[in-house]
Amino acid sequence: MTMLDIKRILVPVNETKEAFSALSMADNLARIYNAEVALLLVTYFNEKTDSSFDGASWLSTPFTGSVSRYSHSILDSARMQLSADLQISTHHLSGQPKLKILEFAWEYHADLIIMGCRQLSFFGTILNGSVSRYVLEKSICPVLIVK
């Protein structure tokens with residue numbers, strides 16, 4: 001594959017600033033190569049787990065709040081960071097992020113994955129793993145990591 005073959009760019013997003021920093025790179029490359037951009041949010045839960053409970057909880061919003069509202073908020077914010085004239089699609093999947101990103105990239109026939117990378121400590125990487133590292137190592141298409 002040559003760089004001129006970039007027609008489909010996948011950008012996994014979440015609420016982190018690192019994920020949103022990848023959007024600028026995706027915007028630039030999509031404009032240069034006239035590529036479409038797929039924004040992908042992966043959550044551990046889906047809309048079926050939404051409840052009407054709006055009370056306070058010790059768990060964070062992605063675990064207790066409306067997954068539907070959360071996903072729309074993240075994807076809408078990400079879309080707003082991209083140029084209006086780009087062809088953009090938004091997707092929300094539930095499951096383990098590193099696996100769902102690779103699965104979607106394969107099904108979407110992504111030519112490039114652009115994603116942010118959190119600066120995890122050594123122990124943070126051991127305890128939490130690194131989604132970006134896993135995707136970089138296992139992807140069948142090129143991956144651009146934006147710090």
Side-chain angles (χ1 to χ4, degrees), residues 5-121 124-125 127-147:
D5 293 335
I6 297 173
K7 293 297 174 200
R8 294 174 175 230
I9 299 173
L10 169 59
V11 185
V13 296
N14 57 25
E15 74 281 356
T16 64
K17 67 179 178 4
E18 292 84 5
F20 275 79
S21 67
L23 291 169
S24 177
M25 180 67 69
D27 187 81
N28 289 334
L29 289 176
R31 292 172 65 74
I32 290 169
Y33 293 104
N34 195 31
E36 61 184 62
V37 177
L39 301 173
L40 174 64
L41 172 67
V42 181
T43 57
Y44 288 102
F45 301 102
N46 61 32
E47 288 86 0
K48 293 177 184 175
T49 63
D50 283 356
S51 73
S52 59
F53 176 73
D54 285 328
S57 172
W58 60 274
L59 292 169
S60 65
T61 300
F63 295 106
T64 62
S66 167
V67 175
S68 178
R69 273 194 308 250
Y70 174 75
S71 65
H72 287 295
S73 172
I74 297 298
L75 291 168
D76 289 347
S77 294
R79 181 185 275 275
M80 297 299 288
Q81 300 299 313
L82 297 172
S83 298
D85 60 339
L86 292 177
Q87 184 179 351
I88 304 165
S89 60
T90 58
H91 308 271
H92 174 220
L93 299 174
S94 61
Q96 194 171 13
K98 64 185 181 183
L99 301 177
K100 290 296 182 178
I101 291 168
L102 291 173
E103 179 184 304
F104 184 86
W106 184 79
E107 291 173 358
Y108 177 67
H109 303 288
D111 297 311
L112 177 65
I113 300 171
I114 301 176
M115 60 190 304
C117 174
R118 292 185 297 155
Q119 300 292 322
L120 295 176
S121 67
T125 302
L127 295 173
N128 299 321
S130 170
V131 172
S132 58
R133 181 182 200 126
Y134 186 88
V135 170
L136 180 64
E137 292 174 356
K138 304 289 185 184
S139 178
I140 60 171
C141 71
V143 178
L144 175 60
I145 304 293
V146 179
K147 289 187 174 186

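Remember, it's a predicted structure, so these values are computed and weren't measured experimentally. Computed from heavy atoms alone, side chains included, the values below leave out hydrogens, waters and symmetry copies.
A tilted orientation is assigned to the rings of His109 and Trp106, their planes being inclined by 30° to 60°.
Between the NZ atom in Lys98 and the CD atom in Glu137 there is a gap of 10.0 Å [rounded to 0.5 Å]. One distance of note links CD1 of Ile114 with CD1 of Ile6; it measures 7.5 Å at 0.5 Å rounding. Rounded to the nearest 0.5 Å, atoms CG (Leu75) and CG (Asn14) are 10.5 Å apart. In this structure, His92 NE2 and Ser68 OG are separated by 8.5 Å, a value rounded to the nearest 0.5 Å. Taken from CD in Glu15 to OG in Ser77, the straight-line distance is 11.0 Å, to the nearest 0.5 Å. Annotation: the span from Leu41 atom CG to Ser94 atom OG amounts to 10.0 Å, rounded to 0.5 Å.
The side-chain heavy atoms of Ile101 and Val131, taken from C-beta on, include a pair separated by under 4.5 Å. At least one side-chain heavy atom of Ile113 sits under 4.5 Å from a side-chain heavy atom of Pro12. Counting only heavy atoms from C-beta outward, the side chains of Leu102 and Ser139 approach each other to under 4.5 Å. Between Met115 and Ile145, some side-chain heavy-atom pair lies under the 4.5 Å cut-off. Between Thr43 and Ile74 the shortest side-chain heavy-atom distance does not fall below 4.5 Å. Looking at Arg31 and Asp27, their side chains come closer than 4.5 Å, going by heavy atoms from C-beta outward. Counting heavy atoms from C-beta on, the side chains of Val11 and Leu82 never come closer than 4.5 Å. Taking the side chain as every heavy atom from C-beta outward, Tyr108 and Glu36 approach each other to under 4.5 Å.
Closest of all the heavy-atom pairs between Ala22 and Gly116 is CB-N, 3.7 Å. Between Thr90 and Arg79, the closest heavy-atom pair is CG2-NH2, 3.9 Å. Residues Ala110 and Cys141 share a closest heavy-atom pair of O-CB, 3.4 Å. Nearest heavy atom pair, residue Ser130 against residue Arg133, reads OG-N, 3.2 Å. Closest non-hydrogen pair, Met25 versus Leu144, comes out as CG-CD2, 3.4 Å. Across all non-hydrogen atoms, the minimal contact from Ala105 to Leu10 is CB-CD2, 3.7 Å.
Judged by distance alone, with hydrogens and angles left aside, the side-chain atoms of Lys7 form a donor-acceptor pair with the main-chain N or O of Tyr33 at under 3.5 Å. Thr16 places a side-chain N or O within 3.5 Å of a backbone atom of Ala19 that can act as its donor or acceptor partner.
Residues meeting the side-chain hydrogen bond (donor to acceptor under 3.5 Å, both in side chains) test with Asn34, sequence neighbours left out: none.
Remark: Glu103 CD is packed, more than 12 non-hydrogen atoms of other residues, nucleotides or ligands lying under 6.0 Å away.
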